[in-house]
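Please read these numbers as outputs of a predicted model, since none were measured by experiment. Atoms within each ligand, like the ligands themselves, are counted from 1 in listed order.
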Amino acid sequence: MKTVIKNISCLVQTEKNRRKWVCGKDMDNIDKIYDAFVEIEEGKISAFGSMDEWMGISDWNNTNIIDAEGGMVFPSYCDSHTHLVFNGSREEEFNDRIKGLTYQEIADNGGGILNSAKKINEISEDELFEISLERLNKLIKLGTGAIEIKSGYGLSMDNEIKILNVIDRLKKTSPATVKSTFLGLHAIPKQFKGEKNKYIDLVIDKILPLIEKNNLADFIDVFCEEGYFDTKDTDRILKAGKKIGLVGKTHVNQFNSIGGVKVSIENEALSVDHLETMKEEDFNSLIGTNCMPTLLPSCSFFLGIPYAPAKEFINRGLPIALASDFNPGSSPSGNMNFVCALACIKLKLTSEQVINATTINSAYAMGLEKELGSIMVGKKANLFITKPMPTYKYLHYSFGENLINKVMLNGKIIK
Ligand code: NIG
Ligand code: FE
């Protein structure tokens, strides 16, 4: 049976012809239809248009009708960078930072990623799955319909596989579309202190073959940063990943620009993420590539570090995506509504740029642009219906307010 959502005051981010991504000046445009309907069949969008058109063509008897009651419809957020599978929280470190310690100082004292790795070691796969599913369900209610989730808090064979198994179970159970990324090179584990290469060998020789055998990841990631992994390590892991079909999505330029953008692009990475610290050469390496620069403003907000120069990417004709970076250390929120408001306020992006960056462009950043990221015939019916709002810009302006009324994934309203 068909479903029709009627009385939509504004249907946002409609798409007639498929696009790869939206870049440069085009990021300032979104297509929309006022007083609209969307029709859904077998979990996919089968038609959309203005209410006048629908009144003419509809088969009223054989249709499940949902009244948007004057709310707006947006395509679901695609959150292309998260570390959603973690155990416990790190508010003690948060307080240490308030008192004046830096993120790096906390990491040097055994906090940070290593602290989360200890907590992963203490939890069973089943328990980790339960808490992660609950976390994901909360994000779905906040409008996220597709999500990339990284490992990286395991830092040993058993614990990295534990996280990847949990992501795989989320993929199979959640109505949200889930993509999985192996981030074995997130930090140097305690037991490998001073022996970084031995750990990289373990990751490449022992963990990657298991991932390949059990088909446990779509992408490969590395934290390319001073004190973590350098460009040589990044090159090595991206090449090893590529051999088993994993495409790169890397953590680069968070604190220092050390060549991570260039080496990621040389290895045909799908996205480079963070980019708070950009040199001229980093911008130049991005021009003319298929790599999506992905910005994570809630990490800057939470850590009090500089924001990525979002406007500069757009002014150079590049696209940008926005993601939450949801993790216990640098962004303990996966709320994409907040990411959008923050991007307007701190990155000085317009509502249109933010909508493009959190839908079509972030879908591209996880290889999902053909099935998600806009209201287009044939794409998955992953969308949310808002409460009535004066304009679509109100969603970003009225920060902190939950304006989402109903969420639909695969054509079904989420209870
Ligand atoms: O993307 N920068 C590296 N990884 C995470 C944070 C990790 C943590 O502090 O737990 C990030 O910000
Ligand atoms: Fe991250």
| task | State yes or no: are the ring centers of Y103 and F255 separated by less than 6.0 Å? | result | yes

| query | Would a line drawn from the ring center of F223 to the ring center of F229 be shorter than 6.0 Å? | reply |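 F223 vs F229: aromatic centres not under 6.0 Å.
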
What atoms of ligand 1 come closer than 4.0 angstrom to any heavy atom of [X]?
{"X": "Y153", "value": "7 (C), 8 (C), 10 (O)"}
{"X": "I113", "value": "7 (C), 8 (C), 10 (O)"}
{"X": "Q254", "value": "2 (N), 3 (C), 12 (O)"}
{"X": "S330", "value": "6 (C), 11 (C), 12 (O)"}

| query | What angle sits at the Fe ion (ligand 2) between NE2 of H81 and NE2 of H251, to 10°? | reply |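 The two atoms subtend 90° at the Fe ion (ligand 2).
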
| said: Counting non-hydrogen protein atoms only, what is the nearest one to atom 4 (N) of ligand 1? Give residue, atom name and distance. | reply: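 Its nearest protein heavy-atom neighbour is H186 NE2, 2.8 Å.
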
| Heavy atom of the protein closest to atom 11 (C) of ligand 1 (residue, atom name, distance) |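 Among all protein heavy atoms, the one nearest atom 11 (C) of ligand 1 is D325 OD2, 3.2 Å.
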
| message | Quick check: of its N, O or S atoms, which one does D325 have closest to the Fe ion (ligand 2)? | response | OD1

| task | Restricting to N/O/S, name the atom of H83 that gets closest to the Fe ion (ligand 2). | result |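 In H83, the N, O or S atom with the shortest distance to the Fe ion (ligand 2) is NE2.
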
Contact between ligand 1 and [X] is defined here as a heavy atom of the residue under 4.0 Å from a ligand atom; is it met?
{"X": "F86", "result": "no"}
{"X": "E225", "result": "no"}
{"X": "Y103", "result": "yes"}

| task | Using distance alone, determine whether S116 and ligand 1 share an N or O pair under 3.5 Å. | result | no

| request: Validate the cation-pi geometry between R97 and F302: distance from NZ or CZ to the six-membered ring centre under 6.0 Å, angle to the ring axis within 45°. | output: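 Yes, a cation-pi geometry.
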
| request: Compute both the distance and the angle, then confirm whether K198 meets the cation-pi test with F192: under 6.0 Å from the six-membered ring centre, within 45 degrees of the axis. | output: no

| For D108, all residues meeting side chain to side chain contact (heavy atoms under 4.5 Å, CB included), sequence neighbours excluded | none

| message | I need the minimum non-hydrogen distance between Y392 and S351, along with the two atoms involved. | response | CE1-CB, 4.3 Å

| Once the angle between the rings of H83 and H186 is folded into 0 to 90°, is it parallel (under 30°), tilted (30 to 60°) or perpendicular (over 60°)? | parallel

| message | Going by side-chain contact (heavy atoms from CB on, under 4.5 Å), F182 matches just one of L216, I244, V203, D221. Which one? | response | V203

| message | Are the side chains of R236 and I200 in contact, using a 4.5 Å heavy-atom criterion? | response |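 They are in side-chain contact.
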
| Does any N, O or S atom of D273, backbone or side chain, fall under 2.8 Å from the Fe ion (ligand 2)? | no

